[in-house]
Amino acid sequence: FPNGSELDVNSDIGWGFGFAYNFNDHLSLGFDFGWNSPSYDATLVSADSPALANRRSSGELSTSSINLNLLYNFIAGPVTPFIAAGIGSTYIDTNIPSGLPSSSCWYDPYWGYYCDTYQATYSDSRFSYNASVGIRWDLARDAFLRASIGSHWIDMKDGGEQNFTTGRFEIGFMY
């Protein structure tokens, strides 16, 4: 990141769901949504002048992505290799507080008098894109398994880019 800040994101299992339209046996266009919460270790470097001391932080990110993907199957058969690419948006919430907490109370007709505290965190939505290769196996006429390996790139502020290697295992149903 600019000024030397660093972020080390650990591996994690995420979950998602998606829908796709098959134009023919080879080409499909799909929409998917996925989320996960990996842990991280960060070194935060001050951009102030004079610079403050570096700060270490550890925590858990909350991330979600929506993607529009184009997938091409090489063979029109029950087992086929494929390539896929897509564009989308990735939301990242660092869960690092960006200000002081605020509390408020209100009356809810169902729950009664209720109080809660909220604390804003550093978060952002960024343009992202992905590419992968894999293999699909049709289990039956209406079900399939798909496994792939790929990359997910997130455009960061100031021209930076974050790249994550992704592995996916999918169970799908065709209608």
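Just so you know, residue 1 is the first one in the sequence shown, and it goes up from there.
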I'd like to know if the side chain of [X] reaches the main chain of [Y], judged simply by a donor and an acceptor atom lying under 3.5 Å from each other, with no hydrogens or angles considered.
| X | Y | answer |
| --- | --- | --- |
| Asp12 | Ser37 | yes |
| Ser125 | Tyr91 | no |
| Gln162 | Asp155 | no |
| Asn36 | Ile13 | no |
| Asn73 | Ile75 | no |
| Asn24 | His26 | yes |
| Ser132 | Gly150 | no |

Hey, do the aromatic rings of [X] and [Y] have their centres closer than 6.0 Å?
| X | Y | result |
| --- | --- | --- |
| Trp106 | Tyr114 | yes |
| His152 | Phe164 | no |
| Phe33 | Phe17 | yes |

Test: Arg146 and Asp138 ion pair at under 4.0 Å: no

query: Parallel, tilted or perpendicular: which fits the ring planes of Phe127 and Tyr129, with parallel below 30° and perpendicular above 60°?
result: tilted

- request: Please say whether more than 12 non-hydrogen atoms of neighbouring residues, nucleotides or ligands are located less than 6.0 Å from CH2 in Trp35.
  value: yes

- prompt: Taking atom types as modelled and ignoring hydrogens, do the side chains of Arg168 and Ser148 form a donor-acceptor contact shorter than 3.5 angstrom?
  reply: no

